[in-house]
Amino acid sequence: MPRYNPKEIEPKWQERWRMAGAFEAQPGGDKPKYYVLEMFPYPSGHIHIGHVRNYAMGDVVARYKKARGFNVLHPMGWDAFGLPAENAAMQTGKHPRDWTYDNIGAMKEQLKKMGLSIDWSRELATCDPQYYRHQQRLFLEFWAKDLAYRKESDVNWDPVDQTVLANEQVIDGKGWRSGAPVERRKLSQWFFRITDAADDLLAALDDGRLAGWPDNVRLMQRNWIGKSKGLQMKFRFAEGTKPPTGFEDGIEIFTTRPDTLFGASFIAVAPDHPLASKLAETDAELRAFIADCQKIGTSEEAIEKAEKQGYQLPFETGHPFDDRRLPVYVANFVLMGYGTGAIFGCPSGDQRDLEFARKYGLAVPPVVLPTGEDPATFVIEDEAYVGPGTIFNSGFLNGLAVDEAIQAAINKIEEMGLGEGKTLFRLRDWGLSRQRYWGCPIPAIHCDKCGAVPVPAKDLPVLLPEVDAREFSIPGNPLDRHPEWKNVDCPKCGAAARRETDTMDTFVDSAWYFVRFAAPHEEKPVEKDKADYWLPVDQYIGGVEHAILHLLYARWFTRAMKACGYLSVDEPFADLFTQGMVIHATYRTHLGTWVLPENVKFFYKDQVSEARRKWLVDELDRLADDHSRFKEEYLKQTDSTGQYYFYDYVSDDGKTRVSEINSPVVEPLSNPILIGPIEKMSKSKKNVVSPERIAETYGADAARWFMLSDSPPERDVEWTDAGVEGAWRLIGRIWDAVSSAKGALETFDPERPTADADEDLRRATHEAIAGVTDDIENFRFNKAIARIYEFLNTLRKSDGADGWARAEALSALARLIAPFTPHLAEECWETLGGNGLVCDAPWPAADPALLAKDTIVLPVQVNGKRRAEIEVAANADKAAVENAALSLEAVQRHIAGMTVRKTVVVPGRIVNIVAN
RNA sequence: GCGGACGUGGCGGAACCGGUAGACGCAACGGACUUAAAAUCCGUUGGGCGAAAGCCCGUGUGGGUUCGAGUCCCACCGUCCGCACCA
């Protein structure tokens, strides 16, 4: 019997699928549609094991749904614009386009080797003008509908690289690449008006439209959108106070707690509030204070540690409800970016206000009385009270509950004409301008007379100009210093004008690619009929790291495209699954350099030769001179079984020889290493395994199987060599079982069981079908795999079973493994003599009659402890079960000398006898 | 600080609506095959006592509800994730 050889078998079936066009999707027909999508990859050059896990999950769903009779769409593309290509150009002198397309070519080859059921005829790359021309058209339509607009906004400007940085690219106030201190600049930027949709984006999270999304993602989006209802109002200046010119009207604040207005003891504005800026012009001390505030980083610890600080301004405001006068501060904890950049401070009801009040000796009048507290004795000490209660010390609000008082206060302020109830969102409009070359050009022309003018539709696409690869080593945007491209005539008045040189944020590219997949070759962004047929995506799968931005942008884009008449849905992804990462132990030397896992050798404590042991000890002693901690940690480490002791590695240069266990050591070959924490695989820590190497050794099926076994899909999975080997063993066992039953399906008639068909094996078969089906439906791939193992174990032990029952089992087995190990499944199907391709075969159906059992085994408890088992008829009545249980010898022994008080019989579950 | 998730053998993890805790895999150990090794196959494997039957203990800690708790409730400890001076 030949050994299973994935190196020959896998490419063979990949080619057959391609020839058959097995996965090319056509809209229409009688079958219900099913759109499966995994988040498309960035073409970095290599697929990594995380991709394997992501796409293996999608492929299980796609193949399963196809077998269940759905018309499945399962496409793939490339998120191909972005900064890494420009960085590569800088380092290697290769043009970003060449670099990107080379990577796409390489990764496509690797992906194809995984045997995914992908419709490659729909492949797209976002850097392809055939893709981004439609994106430009969408932009123009959004602009015409005022969904896109231009405004001045503050940006992080890197003065060395001459570019705008995203917040994540600013580290400790410095540019991530140049290290130069980042400046704040006002720049005209393009925005998508996503805040207009904030309410609907929020509402859909809870009204059932996103019922198929994980709770944590919905929660993250809810927090990100951050809706708060409150009151926006003015505090008038107190009599005798002289506010600066232009601010006579008062200070506008926002609050969610207008019920606590009587607890106000100060007003505070942000350091970059216009009022503060105005006063700073003539107040050097204030200038210094503001500069100080801006120095404090925005990092977590900085905020945590930063003390509340304020600078008192030389005037006071009044209070809307009484004749109090409130001091006004510039305070470091007030943010300009939220609300109006000004607050009223209520120390009894807000922890920050309380800390501030304590520091500056301000009053802390309590205004909310917790239920059950005595108003005469209730005081605020170190903690503000933010809970529910009754309002007191508050004039006309006294006696109201918090909710009622909020409304009453808003009504009163509106009556007085000082403000109005208002809803605020944390969400900001989406700034999409990037000062980069390798992105989708924004189709706008700037004219001195006409302002920003849309590029006429007939002139689309605005193609990226050819630039020399050397351009990327020069700071700034190559588009900005490309006169032939940049200088054009105004399409409106014909005067000399300039192209917009910013390109779009790459999140724009990924905000609608799933729509384009529905009609990837149309002359417009999407054909509505096709979009309506395929959308929404029925199952979207990807990393939780995209829980907020990508998913939010895609949700908004879908609404915007609907507004432009391209689609009918407003939510793009009906079901979302966020899968966990692949993690791996890290390894490092005494110098702290990281080492590839494949270069690490493990030595058993008691197997290592004397010579090697001696060498290692000497080496450690030598290292201990400078790295005493290293030696200490090294000697402490063992693996989880406590067996391994010595570790070393072969250097990356390949020059050092691989040492073998017990080989005599002639000279030092390698270095001792430390095993570090198990972390997300990353290039920088070198804790990566190459899917290509795995596929070389074990084949794609083994890699796919292992990635889905053991850990639940939403959780992180640790890559281990032993794990793939286990998967490899399974493949061998299945192949054994199948190849010894060659042609078993040729004479097999599933409709006519033979008279002697083995009941036990049949039951195992149908239980496996029912279980695996249920598990795949519920994204429990690890359990589905466990059931297949169980089934296979039964099958392998069923020597006595007749040919018919075995054929039924094998027929089911080949189809049950098909979503997980598709190549092996095809090979088995063919060997067994199945009809056509297994990827076209229908999913096996479980026969409910076989799942029902005549007799069942029930556990019998005495006082809650299991003492015996009893076999009874499945339909036995309670009294019969009770009597049978009571007559058991083991039960009698345990209730000897006691009185039976009660007997609990849960049909099909358990018997419990209570006695004392 | 706020919000959320989680805590089960040596390890990854099963255990449906409260009903036999540890499915399945890995590792380990014993055995078969082999000149030998690898591969493969068979068996054992939560801890303790015991020759065995069996008994006791056991799901982070302490309490509670229940005939019965890994599962529900309360308090605490710990880990992870998201947001973070959002008024």
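First the proteins, then the strands, lettered A, B, ... as listed; each starts at 1.
In this structure, A:Arg866 and A:Trp224 both approach RNA chain B, and ranking their closest nucleotides by distance from the 5' end singles out A:Arg866.
Below the 3.5 angstrom threshold, one finds no donor paired with an acceptor across the side chain of A:Asn223 and the base of B:rC83. You'll find a donor-acceptor pair under 3.5 Å spanning the side chain of A:Lys308 and the base of B:rC85, going by distance alone.
Contacts of A:Tyr789 with the nucleic acid, taken as non-hydrogen atoms under 4.0 Å apart, involve only primed sugar atoms and P, OP1 or OP2. Residue-level contact check: A:Asn793 touches the backbone only, with heavy atoms under 4.0 Å from sugar-phosphate atoms and none from bases. Counting non-hydrogen atoms under 4.0 angstrom, A:Glu790 reaches the backbone sugars and phosphates but no base. Contacts of A:Val334 with the nucleic acid, taken as non-hydrogen atoms under 4.0 Å apart, include base atoms. When heavy atoms are screened at a 4.0 angstrom cut-off, A:Gly726 is found touching the sugar-phosphate backbone but no base atom.
Remark: the A:Gln579 side chain and the A:Arg715 side chain contain no N/O donor-acceptor pair separated by less than 3.5 Å.
Across all strands shown, B:rU61 is found opposite B:rA75 as a Watson-Crick or G-U wobble partner, with both distances under 3.5 Å. Across all strands shown, B:rG9 forms no Watson-Crick or G-U wobble pair with both key distances under 3.5 Å. With a 3.5 Å ceiling on both atom-pair distances, the Watson-Crick or G-U wobble partner of B:rU44 is B:rA28. B:rU20: no Watson-Crick or G-U partner with both key distances under 3.5 Å is found in any strand. Using the Watson-Crick or G-U wobble rule with both distances under 3.5 Å, B:rU66 pairs with nothing in any strand shown. Using the Watson-Crick or G-U wobble rule with both distances under 3.5 Å, B:rC2 pairs with B:rG82.
The P atoms of B:rU71 and B:rG19 are separated by 11 Å, rounded to the nearest whole Å. The separation of B:rA27 from B:rC11, taken at their C1' atoms, amounts to 7 Å, rounded to a whole angstrom. Rounded to whole Å, the P atom of B:rG78 lies 16 Å from the corresponding atom of B:rG62.
In this structure, the side chains of A:Ser348 and A:Leu354 stay at 4.5 Å or more apart for every pair of heavy atoms.
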